[in-house]
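Sequence lines set the chain letters: A, B, ... in the order given, protein chains first and strands last, and positions in each chain run from 1.
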Amino acid sequence: MTTPTTTSTGGTAPVIDQKLLAALSSIDRPPRPNPAQASFTFGWRALLKIKHVPEQLFDVTMFPIMFTLMFTYLFGGALAGSPREYIQDLLPGILVLTVAMITMYTGLGINKDINKGVFDRFRSLPIWRPAVLVGALFGDVLRYTLASIIVIGLGLLIGFRPDGGVLGVVAAVALLLVFAFSLSWIWTALGFLMRTEESLMAVSMMILFPLTFISNVFVDPETMPGWLQAFVDVNPITHLSTASRGLMHGDVDMTQVGWVLVACVALVAVFGPLTMRLFRTKQ
Amino acid sequence: MAQSPIGLAIEASGLVKHFGDTKAVDGVDLAVPAGTVFGVLGPNGAGKTTTVRMLATLLQPDAGEARVLGHDISKEADAVRSRVSLTGQFASVDEDLTGFENLVLLSRLLGYSKPQSRARATDLLDAFGLADAAERQVKKYSGGMRRRIDLAASIVATPDVLFLDEPTTGLDPRSRNQVWDIVRVLVASGTTVLLTTQYLDEADQLADRIAVIDHGKVIAEGTSGQLKASVGSGAVHIRLRDAGTRPAAERLLAHRLGTEIFLEHDPVALTARSADAAVVSAAITELTEAGIPVAEFSLGQPSLDEVFLALTGHPAEEHTDETTEEEAA
């Protein structure tokens, strides 16, 4: 009999057989993990992916830096007299815009998992099924936090002075993270629906650009035509950006925070079940 | 190990799955005895993968029903999932993670504690000859190593039924042999294996029973020997010394054997479909006596390729885009 050796180990087939038999016979099947344990395990996977593919942090580092610098100095002089004055208003908004933009990558990650086949493995496990998505979103929340720290840190460097203090800034970021988590369910649903990364990217952009730019992030909506103002007024990004300004500068209108939370509940209530339905029926 | 009363690990009847207008699976019946290897053999697009995905609860059948280890795949999907594993046709581990991390991840998801998971991952990597590659990302693995980590991932908790979808497609012969060895060990330890393949010799080598599937239907089922016997006796392959004598040899053999003679591309080779061994040896003797020297001849059971040709009227390989025929069926 030939003894096929593996290039990596030099081990022989009979040795593999014995070890394999031992590995097979030493099993007692443990009880299945609860939903929280399974979700945290998938969160751990997200962290491992960041460790192995640090390039994927490019979007959460470069995007925020680029947006903050570009819009502050591009519009600052024209809109508010000076970049330094403009950034007081812009920064809370640009933070919202940046994080909303990078939530899109959640869908790309899921789409990649499906196309690569690893999703089939997870789906064939006897676990609480949403765990794979909830865990991925845990990892994403970490990325959003990192992006937030970069935007705020850079803002402080170039003259942003929040009157609301540390507590106000932290509260604004916390609200933003809740919103980003809720918004991500749109992308998980789209991640299942779209067949290729390219089409997913295109559709995500078509949603995100109007959603983030047709808001009060850059300019006061008063100069806009009425129909556009109507959209700005119902856009949750507008409420979030207003609430974020209020929290950071210490003059928050709690009804704005309330509207943001209503939007969060609505997003999860619609896109959560839709995502899980697509998950179950995915072919 | 719980089984249905008659010792079947998998029983399927009338499974149907449509994708749009295409009937991917068109009424598949299967009965897989526990503790055996069952081969589902068919060309690309025959419905093998769809069948396996339904049995592994990844797809809902449109019609028909199936029980795996006594559990209904639709109504008791969770119970099925906790007893089976699937190794898909494509990488079913996370390529960005290392081999070790992948196995720890799956161990944790199956409920093992952290120390248990690490021990399990180490044992399995060792058993599959991947200990040296433990800390390497799976995307840097060779094709054979990737297949082995896939298999290891499937047996983190030893499944009672293992589905292998084309486990050796694209592997070099040595890696293929390693996968075959692993499958044999798994079966020896009591696992039932259902494997799909488009390689006829793979089904021949591994499977106790084989279902031949074409256009979403099972067109034959049995042991390798039964399938071959159903086609009749084996073919005679003859090679002559001298190409010039082939027309004479063809005439003589056609007369003696009473069957059609095929002229191979090789100018000295002829093949006759089926013949009785005694008649063949008499015919060979006659060839020599007639001054037609025979370099070599062989008489064998029909290959599964010939089985496939006989059953379907077309060879196994050349048949990927006959969807119109499929829809008409």
Side-chain angles (χ1 to χ4, degrees), chain A residues 2 4-34 37-38 40-42 44-45 48-53 56 112-113 115-129 131-132 135 280-283, chain B residues 19 53 56-60 78-79 81-98 101 105-106 108-113 116 120 123-124 126-133 137 142 144-145 148 153-155 157-158 174-175 177-178 181-182 184-186 188-189 191:
Chain A
T2 54
T5 55
T6 60
T7 41
S8 56
T9 63
T12 59
V15 175
I16 289 179
D17 288 357
Q18 282 164 19
K19 285 181 177 169
L20 188 55
L21 271 173
L24 284 169
S25 57
S26 65
I27 313 306
D28 44 333
R29 190 176 273 272
R32 53 193 276 180
N34 65 40
Q37 284 169 330
F40 277 116
T41 305
F42 281 112
W44 176 66
R45 169 180 180 243
L48 286 174
K49 280 180 100 78
I50 292 176
K51 185 183 111 188
H52 287 297
V53 195
Q56 63 170 308
K112 200 175 143 199
D113 277 355
N115 289 335
K116 293 252 173 181
V118 63
F119 226 72
D120 276 355
R121 167 83 60 199
F122 297 146
R123 284 177 69 212
S124 65
L125 292 173
I127 51 173
W128 184 62
R129 285 192 152 190
V132 56
R280 274 194 303 277
T281 56
K282 182 76 198 173
Q283 297 167 346
Chain B
F19 294 119
R53 287 170 62 83
T57 76
L58 293 178
L59 269 184
Q60 279 278 351
D78 240 25
R81 272 179 218 133
S82 66
R83 306 279 302 278
V84 307
S85 264
L86 167 70
T87 301
Q89 212 166 326
F90 306 103
S92 47
V93 293
D94 190 332
E95 297 188 333
D96 289 332
L97 269 50
T98 67
E101 287 164 350
L105 177 72
L106 286 167
R108 295 287 287 146
L109 290 173
L110 286 162
Y112 289 103
S113 70
Q116 281 175 326
R120 194 86 195 102
D123 285 352
L124 283 168
D126 206 22
F128 282 83
L130 292 168
D132 290 351
Q137 278 177 287
S142 70
M145 290 162 75
R148 277 182 278 149
S154 297
I155 61 165
T158 310
R174 195 177 63 183
S175 303
N177 281 328
Q178 286 175 341
D181 283 343
I182 291 166
R184 291 188 182 110
V185 174
L186 282 170
S189 79
T191 298

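Proximity to chain A (any heavy atom under 4.5 Å) is shown, for B:Leu186, by both the backbone and the side chain. Both the backbone and the side chain of B:Ala153 come within less than 4.5 Å of a heavy atom in chain A. Heavy-atom distances place no part of A:Phe119 under 4.5 Å from chain B, backbone and side chain included. For B:Ser154, the parts lying near chain A are the backbone and the side chain together; criterion is any non-hydrogen pair under 4.5 Å. Within the 4.5 angstrom heavy-atom criterion, no atom of B:Ser175 approaches chain A.
One finds no salt bridge joining A:Arg45 and B:Asp96 here, because no Lys/Arg side-chain nitrogen approaches an Asp/Glu carboxylate oxygen to under 4.0 Å. For the pair B:Glu101 and A:Lys51, the salt-bridge criterion is met [side-chain N within less than 4.0 Å of a carboxylate O].
Using a 3.5 Å distance cut-off with no hydrogens or angles, the side chains of A:Thr41 and B:Arg108 do not pair a donor with an acceptor.
At least one side-chain heavy atom of A:Asp120 sits under 4.5 Å from a side-chain heavy atom of B:Arg53. Residues B:Leu97 and A:Lys49 meet the side-chain proximity criterion, which asks for heavy atoms closer than 4.5 Å. For the pair B:Leu110/A:Pro126, a side-chain contact is recorded, criterion being any heavy-atom separation below 4.5 Å from C-beta on. Using a 4.5 Å cut-off on side-chain heavy atoms (C-beta onward), B:Arg81 and A:Arg32 make no contact.
Ranked by heavy-atom pairs shorter than 4.5 Å toward chain B, the options A:Leu48, A:Asn34, A:Asp113, A:Ile127 are led by A:Leu48.
When all heavy atoms of A:Leu125 and B:Leu109 are compared, the pair lying nearest together is CD1-CD1, 3.8 Å. Across all non-hydrogen atoms, the minimal contact from A:Ser124 to B:Leu58 is N-CD2, 3.9 Å.
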Next on the checklist: Could you go through A:Lys116 and B:Asp94, starting from their C-alpha distance and side-chain angles, then the distance that decides it, and tell me whether this counts as salt bridge (Lys or Arg N to Asp or Glu O under 4.0 Å)?
Outcome noted: CA-CA 8 Å; A:Lys116 293 252 173 181; B:Asp94 190 332; over 6 Å; no

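Using modelled atom types, one side-chain atom of A:Arg121 and one backbone atom of B:Ser92 make a donor-acceptor pair closer than 3.5 Å.
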